[in-house]
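Here's the structure we're looking at; comments come further down.
Just so you know, ligand 1 is whichever comes first in the structure, and atom 1 is the first atom listed for that ligand. Note that the coordinates shown come from a computational prediction; the quantities given were computed from them, not determined experimentally.
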Amino acid sequence: MVVRTRTEKTVAERTIIMMKLGWIGTGVMGAAMARNLMAAGYPMTVYNRTKSKTDALVAAGATWAATPAEVAQNSDVVFTMVGFPRDVEQVYFGDDGIFSGLPAGKTVIDMTTSQPKLAAKIADYATKNGWQALDAPVSGGDVGAKNATLTIMVGGADATYDAMLPLFNVLGHKVNHFGAAGTGQHAKMANQIMIAGTMTGLTEMLLYTKAAGLDPEKVLATLSSGGADNWSMDNYVPRILKDDYTPGFFARHFLKDLRIALSEADAMGLDLVATAQAKRLYEVMVDVRGLGDQGTQGLINIYD
Ligand code: NAP
């Protein structure tokens, strides 16, 4: 058996450490993830629609690029972590988009939660033009992005996945490859269907707890060590108890995810009634009450 110290690296790891990385979309998640890759030693070029959101990364040593195309020209691997599928379309296929400036042989990795069919479109275009593409959405929230403890769900070619795994291992502690392009996004939709249940569950659990006159802190501590324990409850109930509705995870992004999940389910002939009900509740929060910039824990604010 060969025993390696943590400072020794395999040939693959040494090769990848030479790679120049690009990051497009430096919001809540992207900024923290790019920072973790920089801390691991990778040179980084960054771009974000609102330039000021790259300031801290540039101060830490990243290079600013004026367009996605310029990021692509300066990088071996380009990550994208933007908001909505329309943003993904724009950064890949728009004027000055990644594909307008990407010489062959490079790799693009979309970590945005987006549509499986858009991931397949990106991979198809990439393959036909001599590039590699992966879809790699994440779970684990703002806390997971900061602490590099994300769960990463990957779709795309085996060889590309194997080559990029050392980079994913910097960002998260659980990385799984599900198959062809788009399967990472499908796995993320499965995750969001589950989260629909945990978010509505923790909201109504808290309403019930208060109506019954129980101490919510004590109930949380009790449920956390029993069969009702889940990540959403552990991370978001303490924020609600402090009246903290800052994102975390924007409610408008979660509504986007529920719409994608239900559209995909519909195409599969599935009627996910509980997820559809969660989507209606988030529509009230985002579209009716205008609370889409709150974190998902703000759902409780629609129960007057
Ligand atoms: P965010 O804070 O809104 O970050 C998205 C960033 O992308 C923003 O800085 C935005 O710039 C930038 N952007 C959007 N369109 C762009 C474009 N066309 N060109 C350049 N930059 C563009 O959102 P986030 O919380 O980081 O989430 C990012 C993605 O991860 C979403 O798809 C979300 O569903 C998913 N996700 C989030 C979490 C979470 O807990 N936050 C967890 C898992 C997955 P502006 O500042 O100009 O808007």
Walk me through it: do M205 and V237 pass the test side chain to side chain contact (heavy atoms under 4.5 Å, CB included)? CA-CA 10 Å; M205 174 279 285; V237 169; 4.1 Å; yes
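The shortest side-chain heavy-atom distance between N301 and R289 does not fall under the 4.5 Å cut-off.
In this comparison of T113, L255, D110, the heavy atom closest to atom 36 (N) of ligand 1 sits on T113.
Considering backbone and side-chain atoms together, R252 places no N or O closer than 3.5 Å to any N or O of ligand 1.
Interface atoms of ligand 1 facing D87, defined by a heavy-atom separation under 4.0 Å, are 14 (C), 15 (N). Within ligand 1, the atoms closer than 4.0 Å to a non-hydrogen atom of G25 are 7 (O), numbered from 1 in the order shown.
Looking only at atom types and distance, the side chain of T107 has a donor-acceptor partner in the side chain of Q132 under 3.5 Å away.
Looking at M29 against ligand 1, both its backbone and its side chain come within 4.0 Å, counting heavy atoms. Only the side chain of Y47 comes within 4.0 Å of ligand 1, counting heavy atoms alone; its backbone N, CA, C and O stay farther away.
Heavy atoms of F254 stay at 4.0 angstrom or farther from ligand 1. In this structure, M111 falls outside the shell of residues with a heavy atom less than 4.0 angstrom from ligand 1. Ligand 1 is approached by G248 to a heavy-atom distance shorter than 4.0 Å.
Aromatic ring centres of Y236 and F249 lie farther apart than the 6.0 Å criterion allows.
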